[in-house]
Visitor: 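Here you go, one structure.
For the single chain, residues carry numbers from 1 onward in sequence order. Read the numbers this way: they start at 1 and go in the same order the structure lists the ligands and their atoms. None of the values given here were measured: they were computed from a predicted structure.
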Amino acid sequence: MTRTLITNGLVITASDELSVDVLVEDGKVVALGTGQNWTADTTIDASGKYVVPGGVDAHTHMEMPFGGTQAADTFETGTRAAAWGGTTTIVDFAIQSMGGSLREGLDAWHAKADGNCAIDYAFHMIVADVNDASLKEMEALVGEGVTSFKLFMAYPGVFYSDDGKILRALQKGAETGGLTMMHAENGIAIDVLIEQALARGNTDPRYHGEVRHALLEAEATHRAIKLAQVAGAPIYIVHLSAAQALAQVQAARDEGFNAFAETCPQYLFLSTDDLARPGFEGAKYVCSTPLRPAEHQAALWRGLRSDDLSVVSTDHCPFCFKGQKEMGIGDFSKIPNGLPGVETRMDLLHQGVVEGHISRKRWIEIASATPAKMFGLYPRKGTIAPGADADIVIYDPTATQVHSASTHHMAVDYSCYEGRETTGRVETVLSRGKVLISGGEYHGKPGDGQYLKRDTCQYLR
Ligand code: URP
Ligand code: ZN
Ligand code: ZN
C-alpha cells in the first residue's frame with residue numbers, strides 16, 4: 001500500500017473550498033480532514049496552493065486524419081502535454097469511416113491509444129455513415145462504455161449527415177441513453193459560400209470566418225435541437241462559438257429541454273482579428289466552428305456563468321503551420337481545420353477566474369466536474385472525495401507564465417497564445433496517485449494512462 005498526503009492546500013471542487021489535507025491510498029482519495037496525524041510515504045506541502053481535481057477534457061482529436069493530413073499530436077505526445085497542463089482525463093473521438101462499421105473505427109482508435117497514453121482516456125464515436133447496421137451497433141457500444149456519438153451537419157462528403165439520418169441517430173439515442181453530440185453548422189450552405197468566395201478571389205484565411213457565418217451556426221443549432229425534441233432525445237452541441245447559437249441553446253433550456261453545450265478556450269480568448277492576421281498567419285487560427293468577432297466573448301462568458309454553456313473542452317486538433325496549415329495557401333478551404341489547446345485549457349480558464357468572469361468553483365465545475373458527469377465518469381473523475389481516483393493537481397494561483405511554442409509540450413510548431421502572459425500555473429500532477437509532473441519534470445511514461453469505460457450521461461438519470 002502506498003500513501004500520499006497533500007497538506008496545507010485549499011481544496012477546490014465544484015461545490016466546496018476547504019482548507020483540508022487529502023489522504024491518498026493506492027491511487028484513490030481515501031479521506032479529507034484536518035489535525036488527523038496521518039502518516040504517509042510521501043507528503044506534498046501545498047501551502048499557498050490550490051488542490052484541484054485533474055481536468056477532464058471531453059473533446060480531443062489525437063492523430064486524427066482530417067483535411068488530407070493528420071493531427072500532429074499522437075496519443076503519446078498529446079496526453080503528455082495534457083498532463084503538463086493539469087488535465088488527467090481525455091475523451092477522444094474514434095471515427096467510423098464511410099462504408100465501414102463503428103466497431104472497425106473503435107478498434108482502430110484503441111490500437112492507436114493502447115499503451116501510449118500518459119493519462120486516462122475514453123472514447124466518443126463519430127458516426128459518419130448512419131445506416132441500419134451502424135444504428136444497431138450504437139446499442140452495443142453504449143453497453144461497452146462508449147456512450148456518446150458525434151454527428152456532423154457540416155463537411156458534406158466527409159462526415160455530413162442529412163436531417164433524416166440525424167433524426168434516426170437521435171431516436172437511437174432516446175432508446176439507448178446514448179448522448180448525441182452535434183457539430184452544428186449548415187455545411188451545405190457554407191459550401192456554396194466557399195465556392196462564391198473563392199470565385200471572387202477571396203482566398204485568405206479570414207474568409208474561413210466569413211463563409212462559416214454565425215447565423216449558419218445558429219440555424220443548425222436550432223435545427224439540431226428541434227430534431228432532438230422530435231426524437232425525445234437529449235443533445236449536446238460541441239464547440240459552440242456564436243452568441244446567436246448560444247441563444248438557441250438558452251431558449252431550449254428555458255423550456256426545460258435537455259440541450260447542453262460546450263465552448264472552447266479559443267472562442268473565449270481569440271477572435272476574427274487573429275484570423276485576419278497579416279500574410280498567411282491567420283491560418284494558425286482556422287478551426288470550425290470558426291473564431292467570431294470579439295463581441296461574442298462576453299456572451300460566452302455569460303453563458304458559462306448561467307450554465308447555458310456547461311462544459312469547456314479544447315477540441316484539440318493541432319496542425320503544424322509549416323507543411324500542414326500551409327496546404328491552404330491560396331485557398332482557405334484547404335487549410336486543415338483545428339487548433340492546439342489540450343495543454344492550455346486549465347490555465348486559460350483560471351485566467352477567466354483572475355479576470356473575474358467565473359468563480360474558482362465554477363472553473364473546476366466546467367473544466368472537471370461537469371464533463372465527468374456529462375460523459376459518465378463521475379465521481380471517479382472530476383472531484384476530490386473519498387473513493388475518487390486520485391487525479392489531483394497542485395495549482396499555484398500566483399505564478400505567472402508566458403505562453404510559447406518554444407516551451408509548450410504539444411507536438412505543434414506554434415502557440416495560439418504566443419507571448420500572452422497568464423496568472424496561475426500547474427505545479428504538481430497526480431494521476432491515480434502517481435506523480436506525473438513535479439519540480440518542472442515529467443515523471444510518467446507511455447502506458448500510464450488506462451482506458452475508461454463510461455456510464456451514460458449523469459444529468460439524465
Ligand atoms: O476545426 C475543428 N474543430 N477540427 C476538429 C474537427 C471537429 O469538427 O471537431
Ligand atoms: Zn466538430
Ligand atoms: Zn472536434
Side-chain angles (χ1 to χ4, degrees), residues 57-73 78 82 90-97 105 109 121-128 148-161 166 169 179-187 190-191 194 205 208-209 211-212 216-217 220-221 224 235-242 245 260-268 270 272 274-275 282-292 311-321 324-325 327-328 332-342 345 371 375 410 412 416:
D57 187 346
H59 190 150
T60 68
H61 301 281
M62 303 305 171
E63 48 196 286
M64 178 194 187
F66 195 42
T69 182
Q70 177 160 306
D73 263 317
I90 60 162
V91 191
D92 202 88
F93 287 84
I95 303 181
Q96 174 201 22
S97 52
W109 256 255
Y121 62 99
F123 291 125
H124 312 285
M125 189 83 224
I126 286 178
V127 186
S148 40
F149 301 89
K150 184 176 177 188
L151 296 171
F152 288 76
M153 302 169 106
Y155 305 130
V158 187
F159 294 131
Y160 173 82
S161 290
I166 289 169
L179 181 61
T180 302
M181 307 170 77
M182 190 62 75
H183 181 130
E185 288 186 292
N186 185 328
I190 286 168
D191 273 8
I194 291 174
H208 172 82
V211 299
R212 303 188 92 88
L216 295 178
E217 184 187 346
T221 303
I235 192 155
Y236 178 97
I237 308 294
V238 294
H239 48 51
L240 186 150
S241 68
F260 306 100
E262 68 175 19
T263 191
C264 310
Q266 53 268 33
Y267 306 122
L268 298 165
L270 302 171
T272 43
D274 295 295
L275 260 180
K284 293 177 179 173
Y285 301 91
V286 165
C287 59
S288 297
T289 60
L291 301 182
R292 301 294 180 194
V311 170
V312 177
S313 304
T314 60
D315 194 10
H316 177 77
C317 189
F319 298 100
C320 286
F321 184 68
Q324 291 193 295
K325 291 288 187 182
M327 290 162 68
F332 69 83
S333 73
K334 294 200 165 60
I335 301 169
N337 285 201
L339 304 188
V342 77
R345 182 182 66 124
F375 297 107
M410 299 176 282
V412 60
C416 291

Visitor: Return yes if a side-chain donor-acceptor contact under 3.5 Å exists between D73 and H316, otherwise no.
Guide: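 D73 vs H316: donor-acceptor pair found between side chains.
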Visitor: Mind checking whether F375 and Y236 have ring centres under 6.0 Å apart?
Guide: yes
Visitor: Is the closest side-chain donor-acceptor distance between T60 and Y121 under 3.5 Å?
Guide: no
Visitor: With a 3.5 Å cut-off and no angle check, do the side chains of R345 and T314 form a donor-acceptor pair?
Guide: no
Visitor: For F149, is there any backbone N or O sitting under 3.5 Å from a side-chain donor or acceptor partner on T180?
Guide: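 Judged by distance alone, no pair lies under 3.5 Å.
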Visitor: Under 4.0 angstrom from ligand 1, any heavy atom of F152?
Guide: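 It does, in that a heavy atom of F152 comes within the 4.0 Å cut-off of ligand 1.
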Visitor: Measuring from H124:NE2 to L179:CG, what's the distance to the nearest 0.5 Å?
Guide: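 Atom-to-atom, H124:NE2 and L179:CG are 9.0 Å apart.
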Visitor: Can you list the atoms of ligand 1 that are under 4.0 Å from a heavy atom of G338?
Guide: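 Taking each heavy atom of G338 in turn, ligand 1 has 1 (O), 2 (C), 4 (N) under 4.0 Å.
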Visitor: With the Zn ion (ligand 2) at the centre, find the angle made by ND1 from H183 and NE2 from H239, to 10°.
Guide: 90°
Visitor: Considering heavy atoms of the protein only, find what lies nearest to atom 6 (C) of ligand 1 and give residue, atom and distance to 0.1 Å.
Guide: H61 NE2, 3.7 Å
Visitor: Is there a donor-acceptor pair closer than 3.5 Å between any side-chain N or O of K150 and the backbone N or O of M182?
Guide: no
Visitor: What atoms in ligand 1 come closer than 4.0 Å to a heavy atom of C317?
Guide: 5 (C)
Visitor: Could you check atom 2 (C) of ligand 1 against the protein and tell me its nearest heavy-atom contact, residue, atom and distance included?
Guide: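 It is S288 O, 3.4 Å.
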Visitor: Check whether any side-chain N or O of K334 sits under 3.5 Å from a backbone N or O of G68 as a donor-acceptor pair, and report yes or no.
Guide: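 Checking the backbone N and O of G68 against the side chain of K334, no donor-acceptor pair under 3.5 Å is found.
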Visitor: Return a yes/no value for D315: is any of its N or O atoms, backbone included, closer than 3.5 angstrom to an N or O of ligand 1?
Guide: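 So ligand 1 has an N or O lying under 3.5 Å from an N or O of D315.
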Visitor: Return yes when at least one N/O/S atom of F152 is nearer than 2.8 Å to the Zn ion (ligand 2), and no when none is.
Guide: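 No.
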Visitor: Closest non-hydrogen protein atom to atom 4 (N) of ligand 1, residue and atom name please, with distance?
Guide: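 Looking only at protein heavy atoms, the one closest to atom 4 (N) of ligand 1 is N337 O, 3.0 Å.
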Visitor: Which option wins on minimum heavy-atom distance to atom 9 (O) of ligand 1: M64, H183, K150?
Guide: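 Looking at heavy atoms only, K150 sits closest to atom 9 (O) of ligand 1.
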Visitor: Got a sec: is H61 within less than 2.8 Å of the Zn ion (ligand 3) via an N/O/S atom?
Guide: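 For H61, the answer is yes, given that an N, O or S atom comes within less than 2.8 Å of the Zn ion (ligand 3).
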Visitor: In D315, the N, O or S atom nearest to the Zn ion (ligand 3) is which?
Guide: OD1
Visitor: With rounding to the nearest 0.5 Å, note down the distance linking NE2 in H59 to CE in M181.
Guide: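 Answer rounded to 0.5 Å: 6.5 Å.
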Visitor: Is it the side chain (CB and beyond), the backbone, both or neither of C287 that lies under 4.0 Å from ligand 1, heavy atoms counted?
Guide: both
